[in-house]
Amino acid sequence: MARINDHYQKLAAGYLFPEIGRRVGAFQSANPKADVIRLGIGDVVLPLAASVRQAMHDAVDEMAEASGFKGYGPERGYGFLREAIARHDYGDRGVEIDPNEIFVSDGSKCDSGNIQEIFAEDATLAIPDPVYPVYVDTNVMAGRTGPAGANGRYAGIQYLPCTEASGFLPSLPTRPVDLVYLCSPNNPTGAVASKAELEKWVAWARANGAILLFDAAYERFITDPDLPRSIFEIPGARECAIEFRSYSKTAGFTGIRCAFVVIPKELMGRNGRGEAVSVASLWDRRTSTKFNGVSYPVQRAAEAIYSEAGRKEIQANIDYYMANAAIIRAGLSKAGFTTFGGVNAPYVWMKTPNGLDSWQFFDALLAKANVVGTPGSGFGSCGEGYLRLSAFGFSAKVEEAVGRIVQHFA
Ligand code: MLT
């Protein structure tokens, strides 16, 4: 028998969302008539924007002609998309990013999961708790941790608790580390770091020689104009940060797949001899070895969201989801539940009622109200006692779900 990667056996549980899918599937098999409303995984429901659809059609037609056919594309993305990103996502907000600092990919899950590969096997980590589980799990798989303890926390990771008392924002690590994962707007709590907060992180990273892995997949859902959308709005971040962005939620691309990573040319790591090495050059090397790029029609579709019509269309979809978030917040708060988030993020973080733990509430919610949420403890031990509700659903269903939660648990 071939030797396996033993680190996988340290993983304390299956990946969160398939586990939820398994429980919901079992419930539905046992209760085929139940009308289950899914506000668990953050998956979009609205159809593709007209501009996106048209751009994909046009790209397919172009490739159907000998003159427009495309084979392998550039591994790091076509210039037209990288230029649109640099101009609109960054330039329009006064942030200078060179298109050559952008790497187009097929998703932020892959990017935020794969980035650790270019760092040392013994690189040290700080990770907020609770947070998107990919950051922890991929480092466990890579062997950067010891086994999980009773509370599900892995030895070797410096966890940064995000609690109600801290506004669900992580505090600075107490010991220096190589890598810090940050997610703002935060999945799952919906908390967003202010400019002052990010300035604190950038100053700390620079003083400690750390790199911030900044996941901004939900930046489009920020409604407060004073909140930063990018770590690169903070002076000095170019020397200490990598940013991840995604079209999944902003433009309905969860099934289409397109995202990007920004690695500034100033960002350096150090090799075993203590010499400075460009981090972007390593990611470029990895990308060109392991990835053949995102398909041409998909990159044209992504480009279309920067057109005037495309911007309006995707903004309308974002507004629709944020109106759902408001429905969830208002409905639950009025009935006496404690909720957070949902103002600058498409997730509402609610305290579980009646002393139930996260999974107990998840199960009760499914059984009694036929509503699916995501147990907070699945995002880390500090998520215990909370449940995340996603605003990505049809409004009528979201309203009904809120009504059922109130009916059964208020
Ligand atoms: C979530 O529900 O947290 C996300 O949809 C998961 C993801 O983006 O991979």
Side-chain angles (χ1 to χ4, degrees), residues 7-23 40-42 109 112-113 116 124-175 177 179-193 201 213 215 337-341 345 347-366 372-390:
H7 301 305
Y8 276 61
Q9 297 205 306
K10 289 182 202 157
L11 291 163
Y15 187 59
L16 177 61
F17 295 105
E19 172 59 20
I20 290 171
R22 196 189 58 70
R23 292 194 189 206
I41 190 163
K109 183 190 208 173
S112 61
Q116 45 77 28
T124 49
L125 314 162
I127 305 183
D129 174 5
V131 87
Y132 187 40
V134 166
Y135 316 151
V136 169
D137 286 8
T138 52
N139 279 292
V140 174
M141 291 169 175
R144 283 192 194 88
T145 73
N151 59 1
R153 285 187 163 188
Y154 295 91
I157 294 181
Q158 195 176 157
Y159 288 91
L160 309 174
C162 302
T163 60
E164 187 178 347
S166 69
F168 298 102
L169 295 172
S171 46
L172 296 174
T174 49
R175 303 182 299 282
V177 287
L179 304 173
V180 181
Y181 289 80
L182 293 176
C183 180
S184 178
N186 184 266
N187 177 10
T189 64
V192 186
W201 276 102
L213 302 171
D215 186 347
F337 294 98
T338 307
T339 63
F340 304 91
Y347 296 123
V348 175
W349 188 237
M350 73 178 288
K351 265 193 180 160
T352 58
N354 314 328
L356 297 174
D357 74 24
S358 296
W359 277 108
Q360 284 168 342
F361 184 45
F362 168 89
D363 287 332
L365 196 58
L366 181 57
V372 182
T374 304
S377 57
F379 297 97
S381 60
C382 291
E384 184 55 272
Y386 292 88
L387 183 110
R388 190 194 76 174
L389 291 168
S390 156

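Note that the coordinates shown come from a computational prediction; the quantities given were computed from them, not determined experimentally. Just the heavy atoms: all of them, side chains too, but no hydrogens, waters or symmetry mates, feed the values below.
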Which atom of Pro375 lies closest to which atom of Phe362, heavy atoms considered: CD-CD1, 3.8 Å
Might you point out which heavy atoms bring Tyr386 and Phe340 nearest each other, and give the distance in Å? CE2-CE1, 4.0 Å
Donor-acceptor under 3.5 Å (Asn186 side chain, Cys183 main chain): yes
Looking only at atom types and distance, does a side-chain atom of Asp129 sit under 3.5 Å from a main-chain N or O of Ser381, one as donor and one as acceptor? yes
State the OG-CG distance between Ser377 and Asn151, to the nearest 0.5 angstrom. 11.5 Å
Residue list, side-chain contact (heavy atoms from CB on, under 4.5 Å) with Thr163, at least two apart or on another chain: Pro161, Ala165, Ser166
Between atom CG of Leu387 and atom CH2 of Trp349, what is the distance when rounded to the nearest 0.5 Å? 8.0 Å
Show the nearest heavy-atom pair for residues Cys162 and Pro170, with the distance to one decimal. SG-N, 3.6 Å
Gly385 backbone acceptor or donor facing Ser358 side chain under 3.5 Å: yes
Pairwise distance CZ(Phe361) to CG(Leu366) - rounded to 0.5 angstrom: 11.5 Å
Has Arg153 got a side-chain atom pairing as donor or acceptor with Ala148's backbone, closer than 3.5 angstrom? no
Side-chain donor or acceptor of Tyr181 paired with backbone N/O of Leu125 under 3.5 Å: no
State, without any angle test, whether Tyr135 and Asp215 hold a side-chain donor-acceptor pair at a distance under 3.5 Å. yes
Here the pair of heavy atoms bringing Leu356 nearest to Thr352 is O-OG1, 2.6 Å
Please report the interatomic distance OG1(Thr189) to CG(Leu169), rounded to the nearest 0.5 Å. 7.5 Å
What verdict does the side-chain contact (heavy atoms from CB on, under 4.5 Å) test give for Phe168 and Val192, after you've listed the backbone C-alpha separation in whole Å, the side-chain angles of each residue and the deciding distance to 0.1 Å? CA-CA 9 Å; Phe168 298 102; Val192 186; over 6 Å; no
For Thr145 against Lys10, the heavy-atom pair lying closest together: O-NZ, 2.7 Å
Could you give the distance from CD (Glu384) to CG (Asp357), rounded to the nearest 0.5 Å? 4.5 Å
Shortest non-hydrogen contact between Leu365 and Gly373, atoms and distance: CD2-N, 4.4 Å
Are any side-chain N or O atoms of Gln158 and backbone N or O atoms of Arg175, one a donor and one an acceptor, separated by less than 3.5 Å? yes
May I ask you to check whether Tyr347 and Phe379 place their ring centers less than 6.0 Å from one another? no
CA sep, side-chain torsions, deciding dist, call: Val180, Leu160, side-chain contact (heavy atoms from CB on, under 4.5 Å): CA-CA 10 Å; Val180 181; Leu160 309 174; 4.2 Å; yes
Measure the spacing between CD1 of Ile20 and OG1 of Thr374 and express it to the nearest 0.5 Å. 4.0 Å
